[in-house]
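The figures that follow rest on heavy atoms only: side chains count, while hydrogens, waters and symmetry mates do not. None of these values were measured; they are calculated from a predicted model. Reminder, nothing fancy here: chain letters follow the sequence lines and each chain counts from 1.
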Number of protein chains: 2
Amino acid sequence: MKKQLQPIDAESLLHEHEFKKTPLRIMLLEVLSLSPTPLPVAKLIRKTKKLAADPATIYRALNAFVEAGMVHALTVDKTKVLYELVQEKIHNHHIVCDTCSAVESIPFCIKTIDQQAIKVSRQFNKVHSHQLAFVGTCRKCIRALR
Amino acid sequence: MKKQLQPIDAESLLHEHEFKKTPLRIMLLEVLSLSPTPLPVAKLIRKTKKLAADPATIYRALNAFVEAGMVHALTVDKTKVLYELVQEKIHNHHIVCDTCSAVESIPFCIKTIDQQAIKVSRQFNKVHSHQLAFVGTCRKCIRALR
DNA sequence: TACTAATTGCAAATGGTTTGCATTTGTATA
DNA sequence: TATACAAATGCAAACCATTTGCAATTAGTA
């Protein structure tokens with residue numbers, strides 16, 4: 001039930017999507033693939049600081065990845081954008097802590113809800129995907145509140 | 001099955017939450033209550049232009065409403081924040097057009113999924129709520145694409 | 001090895017949102 | 001109804017994450 005955290009073959013993935021292979025892009029994809037949670041840009045900058053890449057370059061890489069469908073940009077609250085590698089066969093939903101904003105990925109999916117959505121909507125007759133996020137309080141915060 | 005669009009009693013709602021009753025706040029709540037879809041700030045500014053309120057004041061009012069739990073701030077994509085009035089008894093989910101970003105509210109809810117989330121998460125033992133958004137293509141865009 | 005287009009770094013611009021502060025307004029109280 | 005005080009507002013400035021322009025560098029291909 002736990003998400004497998006195998007580092008992906010970043011170079012192949014880049015090649016597959018016709019991206020040039022650069023140290024930053026490789027490291028970004030590897031960091032994303034090894035993270036059990038979606039990551040904000042700030043954390044990606046920290047995790048790639050070895051390369052001292054310009055933030056602009058990191059933003060450009062991430063936007064390109066999202067555009068290519070390799071990475072999913074997820075917004076759990078107003079401001080924070082989180083990035084996560086798109087892994088086929090793992091359709092993630094998320095659970096967000098309402099106290100510390102921690103995000104955890106949940107590798108489970110209710111297949112039938114897409115169909116239900118179609119039934120209740122008049123304006124849409126085709127549903128491609130859905131995003132489901134749960135809001136709760138994580139154990140750490142519950143403990144801290146005691 | 002269609003969401004009822006009755007204008008709420010904005011003045012009572014403000015009083016209930018110990019907010020002072022000002023023209024802008026009343027109009028904001030009324031506009032929100034009459035909208036079948038969650039609204040971005042830009043649209044709220046347009047819809048209240050009669051009052052010529054400063055954007056800063058509108059942001060302050062919305063943030064206060066969200067903090068008080070009267071309004072729900074919803075982010076469907078990276079940048080756009082949409083505001084919708086919290087109506088008891090109507091737990092909305094949403095469907096978003098991947099072409100024009102139109103958002104429609106869906107007054108339906110699968111009660112059981114909160115429980116399922118708990119079962120698959122080790123870090124969270126309490127789920128307060130969930131947000132579900134569907135992504136599809138609306139009829140208008142499908143027509144336009146032909 | 002040389003060529004070409006893509007990628008990067010740097011600095012500046014962008015734009016939505018927030019903040020500080022003086023003024024105005026709403027509301028509770030006398 | 002008048003008074004008083006905290007709350008709300010307008011304005012301008014600050015903020016800050018993200019984007020953009022451009023020149024220099026780098027990766028892929030022959």
Engineer: Per the ring-ring contact (aromatic ring centres under 6.0 Å, His included) rule, what does the pair list look like for residues 21-47 of chain A, sequence neighbours excluded?
Structural biologist: none
Engineer: Between dT7(C) atom P and N63(A) atom CG, what is the distance in whole Å?
Structural biologist: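 Value for this atom pair: 13 Å.
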Engineer: Once you round it to whole Å, what is the distance between P of dA6(C) and CD of E67(A)?
Structural biologist: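 About 14 Å, once rounded to whole Å.
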Engineer: Toward the 5' end of DNA chain C, which comes first, D54(B) or D54(A), by nearest nucleotide?
Structural biologist: D54(A)
Engineer: How close do L14(A) and M70(A) get, counting heavy atoms only, and between which atoms?
Structural biologist: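 Closest pair (atom of L14(A), atom of M70(A), distance): CD2-CE, 4.3 Å.
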Engineer: When the distance from NZ of K49(A) to C1' of dG9(C) is rounded to whole Å, what number comes out?
Structural biologist: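 K49(A) atom NZ is separated from dG9(C) atom C1' by 20 Å.
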Engineer: In whole Å, I'd like the distance from the CD atom of E18(B) to the P atom of dC5(D).
Structural biologist: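 Atom CD in E18(B) sits about 21 Å away from atom P in dC5(D).
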Engineer: Would you say dG9(C) has OP1 or OP2 under 4.0 Å from some side-chain N or O of T57(A)?
Structural biologist: yes
Engineer: What is the distance from CG of L14(B) to P of dA8(D), rounded to the nearest Å?
Structural biologist: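 It is 10 Å, rounded to the nearest whole Å.
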Engineer: Could you state the atom-to-atom distance from CG of L82(A) to P of dA17(D) in whole Å?
Structural biologist: 15 Å
Engineer: For E11(B), give me all partners under side chain to side chain donor-acceptor pair (under 3.5 Å), at least two apart in sequence or on another chain.
Structural biologist: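 Counting only residues at least two positions away or on another chain, E11(B) forms a side chain to side chain donor-acceptor pair (under 3.5 Å) with K21(B).
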Engineer: Which heavy-atom pair separates V71(B) from V86(B) by the least distance, and what is that distance?
Structural biologist: C-CG2, 3.7 Å
Engineer: Which pairs pass ring-ring contact (aromatic ring centres under 6.0 Å, His included) with one or both residues in residues 16-49 of chain A, sequence neighbours excluded?
Structural biologist: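 Those involving residues 16-49 of chain A are F19(A)-F65(A).
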Engineer: With the sugar-phosphate defined as primed atoms, P, OP1 and OP2, and the base as all remaining atoms, what B/S/- string results for nucleotides 21-30 of chain D, 5' to 3', for protein heavy atoms under 4.0 Å?
Structural biologist: B-----BS--
Engineer: Whole angstroms only, please: what is the CD1-C1' distance between I45(A) and dT8(C)?
Structural biologist: 15 Å
Engineer: Strictly by salt bridge (Lys or Arg N to Asp or Glu O under 4.0 Å), give each pair with a member in residues 44-57 of chain A just once, sequence neighbours left out.
Structural biologist: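 Counting only pairs at least two positions apart or across chains, no salt bridge (Lys or Arg N to Asp or Glu O under 4.0 Å) contact touches residues 44-57 of chain A.
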